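Some notes on the structure that comes next.
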Amino acid sequence: MIDPQYLRNNLDEVVEVLKPRGYVFDKDTFFSLEQERKKLQVETQTLQQERNARSKAIGQAKAKGEDVEPILAEVANMGDRLKACEEKLNEVQTKLSAIMMEIPNIPHESVPQGKTEEDNEEIRRWGEKPEFAFEPKDHVDLGAGLDQMDFETAAKIASSRFVIMKGQIAQLHRALVQFMLNTHTQDHGYTEVNVPFLVNADSMRGTGQLPKFEEDLFAIPEHGFYLIPTAEVPVTNIVRDEILDHKDMPQRYVCHTPCFRSEAGSYGRDTRGMIRQHQFEKVELVQMVRPEDSWQILEELTSHAEAILQKLGLHYRVVTLCTGDLGFSAAKTYDIEVWLPSQNTFREISSCSNFEDFQARRMKARWRNPETGKPELLHTLNGSGLAVGRTLLAVMENYQDTDGRIHIPEVLQPYMGGREIIG
RNA sequence: GGAGAGAUGGCAGAGCGGUUGAAUGCACUGGUCUUGAAAACCAGCAAGGGUUAAUAGCCCUUCCAGGGUUCGAAUCCCUGUCUCUCCGCCA
């Protein structure tokens with residue numbers, strides 16, 4: 001949520017900066033609701049003040065044994081007036097907060113202007129494309145050749161967009177998880193956490209998945225649960241409704257979870273293979289930091305995700321998402337895209353964002369600033385470090401040989417019992 | 001699933017219809033004392049919101065959440081959530 005006070009005082013400016021995001025803000029509706037809110041709130045509070053004063057007087061009179069009838073007569077029908085006022089105010093405030101909850105974050109000034117992913121800005125590349133003396137296969141064919149990846153049976157058990165991995169491919173998948181967790185805890189100073197995969201609606205609202213993107217989520221309505229689409233949700237919500245001591249800042253968490261996404265609206269896109277699944281695993285980096293540090297930490301966090309690809313020797317590039325491609329809650333996002341030989345292109349494997357105080361305001365996540373002694377909103381960031389399924393297929397495709405075997409990157413070999421090759 | 005107990009400020013913990021935003025202790029902050037520290041003593045210390053030029057003043061809301069009773073609710077009633085203890089079941 002953006003700062004309501006800021007929105008009120010800078011209405012025109014906010015409308016302008018949100019336009020490039022493709023967000024059309026109904027200024028007139030908001031303005032008239034806001035006028036009404038102001039009027040009703042002042043009226044309600046005045047009535048409340050009056051009631052409080054009268055009630056206090058009754059108490060005092062009774063204590064002295066005086067007659068309270070005259071004061072009681074004064075407050076005779078105040079209750080009804082107050083109630084009516086409160087109800088109207090409530091209505092207006094519910095409408096206003098519904099509007100506030102659907103306003104996306106304001107992009108940082110360094111975010112490039114643009115409409116689609118075509119306008120994203122490449123900022124660096126690492127490594128080189130692998131050279132193949134043969135036509136490289138994609139991971140689906142490689143997995144089928146090894147008899148270790150089975151989409152048909154997964155479709156029978158669940159539906160499309162699921163996979164069954166077997167044998168060494170399943171082990172390689174697990175090895176990637178271990179390798180990522182160990183690297184981030186040992187080299188980058190993150191604390192490993194294990195969290196619920198089902199969360200309540202408050203948590204989804206806190207990080208911004210609700211109310212606007214309900215159709216992207218899997219839900220279990222009879223229990224009030226949602227399946228997490230990313231570990232960002234449970235991990236970031238650790239600090240919801242908390243006031244952190246400055247000594248406990250920053251907080252850095254790394255978390256491995258499955259992620260569940262309905263992929264509504266992406267029918268027909270990436271239907272082949274493991275690129276876009278209803279269920280996939282991800283190792284997520286989450287930080288809660290002092291506001292003044294968040295932009296530097298976005299760079300660090302991105303480099304932590306990059307470090308995994310570097311150690312795996314996978315060619316990648318980093319792009320800054322343009323205003324039109326930016327996610328709802330983010331002020332700025334770097335996507336890391338890994339090279340996929342089969343598609344002859346880069347594909348997203350990590351998304352690292354600074355949300356500034358957007359999520360913190362929704363969550364009431366604060367820290368006590370020792371300089372002011374007051375609770376202030378903290379800043380939240382997160383990034384994939386990395387998406388495990390996509391990393392697996394990147395390893396398979398980039399390390400294949402002419403016989404359809406997979407050469408295991410050196411850093412993963414200890415997790416594979418010393419094995420150097422699959423197939 | 002059954003029975004019982006509970007949920008109050010950063011933490012612990014009183015209060016159980018009237019001037020209580022809330023005793024007390026701990027923690028924290030400032031001061032006195034001290035070469036310094038500790039101890040002792042003194043003082044301060046909840047959050048959110050409205051109004052406003054104001055981080056000034058005034059006002060409102062908040063004692064798990066949501067309803068209700070009342071002139072007045074932390075205190076009474078109803079519903080829900082969560083925690084703890086015992087029993088049952090169980091990875």
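All values reported here derive from a predicted model rather than from experimental measurement. Just so it is clear: chains get the letters A, B, ... in the order the sequence lines come, proteins before strands, and each one is counted from 1.
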Could you check A/Tyr190 against A/Gln287 for side-chain hydrogen bond (donor to acceptor under 3.5 Å, both in side chains), going step by step and ending with a plain yes or no? CA-CA 9 Å; A/Tyr190 289 81; A/Gln287 295 205 37; 3.0 Å; yes

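- Each of A/Lys364 and A/Gln48 lies near RNA chain B, and the nucleotide nearest A/Lys364 is the one positioned closer to the 5' end.
- One interatomic measurement links the two molecules: CD of A/Gln49 to P of B/rU61, which rounds to 9 Å at whole-angstrom precision.
- Under the 3.5 Å distance criterion, the side-chain polar atoms of A/Asp119 are matched with a main-chain donor or acceptor of A/Thr116.
- B/rU85 sits 44 Å from B/rC41 when the C1' atoms are compared, rounded to a whole Å.
- Rounded to whole Å, the distance from CG on A/Asn369 to P on B/rG10 is 17 Å.
- Looking only at atom types and distance, the side chain of A/Thr380 has a donor-acceptor partner in the side chain of A/Gln359 under 3.5 Å away.
- When the C1' atom of B/rG49 is taken as reference, atom CZ of A/Arg366 falls 13 Å away, rounded to whole Å.
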Extract from the structure each pairing of a protein N or O with an N or O of nucleotides 50-52 of chain B at less than 3.5 Å, listing the distance.
residue	atom	partner	partner atom	Å
B/rG50	OP1	A/Arg8	NH1	2.9
B/rG50	OP1	A/Arg8	NH2	3.1
B/rG50	O4'	A/Gln41	NE2	3.2
B/rG50	O3'	A/Arg37	NH2	3.0
B/rU51	OP1	A/Arg37	NH2	3.2

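- Checked against A/His108 for a ring-ring contact (aromatic ring centres under 6.0 Å, His included), the options A/Phe355, A/Phe358, A/Trp295 give a single hit: A/Trp295.
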Annotated structure of RNA chain B as dot-bracket, pair cut-off 3.5 Å, Watson-Crick or G-U only, | for inter-strand, is ((((((((.[[[..)..(.....]]].(((((.......))))).((((((.....)))))).[[[[[..)....]]]]])))))))....

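- In this structure, A/Thr185 contributes its side chain and A/Thr191 its backbone to no donor-acceptor pair below 3.5 Å.
- In this structure, A/Arg368 places its CZ atom 10 Å from C1' of B/rG9, rounding to the nearest Å.
- A/Arg362 places a side-chain N or O within 3.5 Å of a backbone atom of A/Arg205 that can act as its donor or acceptor partner.
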List every contact pair, protein side and nucleotides 73-77 of chain B side both N or O, where the distance is under 3.5 Å.
none

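- Annotation: B/rG10 and B/rG67 have their P atoms spaced 24 Å apart (nearest Å).
- Side chain of A/Thr236 to backbone of A/Val233: no donor-acceptor contact under 3.5 angstrom is found.
- Under 4.0 angstrom from either OP1 or OP2 of B/rC71 there lies no side-chain N or O belonging to A/Asn52.
- Separating the CD atom of A/Glu376 from the P atom of B/rG48 is a distance of 10 Å, rounded to the nearest angstrom.
- The gap from the C1' atom of B/rA22 to that of B/rU79 amounts to 27 Å, rounded to the nearest Å.
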For nucleotides 18-22 of chain B, print each protein N/O atom paired with a nucleotide N/O atom at under 3.5 Å, atom names and distance only.
residue	atom	partner	partner atom	Å
B/rG18	O6	A/Lys62	NZ	2.8
B/rG18	N2	A/Ser55	O	2.8
B/rU19	O2	A/Gln60	NE2	3.4

Sequence neighbours excluded and cut-off under 3.5 Å, please list the side-chain donor-acceptor pairs for residues 165-173 of chain A, or say none.
none

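- The separation of B/rA65 from B/rA7, taken at their P atoms, amounts to 13 Å, rounded to a whole angstrom.
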Could you go through the salt bridge (Lys or Arg N to Asp or Glu O under 4.0 Å) check for A/Glu263 and A/Arg261 one step at a time? CA-CA 5 Å; A/Glu263 294 299 341; A/Arg261 299 187 183 178; 5.2 Å; no

Using atom types as modelled, flag every donor-acceptor pair under 3.5 Å from a side chain in residues 47-58 of chain A to any protein atom, sequence neighbours excluded.
residue	atom	partner	partner atom	Å
A/Gln48	NE2	A/Glu86	OE2	3.1
A/Asn52	ND2	A/Gln48	O	3.4
A/Arg54	NE	A/Glu74	OE1	2.6
A/Arg54	NH2	A/Glu74	OE1	3.0
A/Ser55	OG	A/Arg51	O	3.1

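- Here the C1' atom of nucleotide B/rU61 and the CD atom of A/Glu50 are 18 Å apart, to the nearest Å.
- Ion pairing between a basic and an acidic side chain is recognised when a charged N comes within 4.0 Å of a carboxylate O; A/Arg21 and A/Asp325 show no such pairing.
- How far CG of A/Asp335 is from CZ of A/Arg347: 11.0 Å, rounded to the nearest 0.5 Å.
- With C1' as the reference atom, B/rU75 and B/rG17 are 6 Å apart, rounded to whole Å.
- To the nearest whole angstrom, the two P atoms, one in B/rU61 and one in B/rG72, are 12 Å apart.
- Between the NE2 atom of A/His246 and the P atom of B/rU29 there is a distance of 9 Å, given to the nearest Å.
- Nearest heavy atoms, A/Ile422 versus A/Met416: CD1-CE, 4.1 Å.
- Between the side chains of A/Gln413 and A/Tyr415, no donor-acceptor pair of N or O atoms lies under 3.5 Å.
- In the model, A/Thr183 has no side-chain atom that pairs as donor or acceptor with a side-chain atom of A/Lys311 under 3.5 Å.
- Atom CG in A/Asp202 sits roughly 18 Å away from atom P in B/rG80 (whole-Å rounding).
- Atom C1' of B/rG21 sits at a distance of 15 Å from the matching atom of B/rA14, rounded to the whole Å.
- The gap from the C1' atom of B/rA56 to that of B/rU70 amounts to 37 Å, rounded to the nearest Å.
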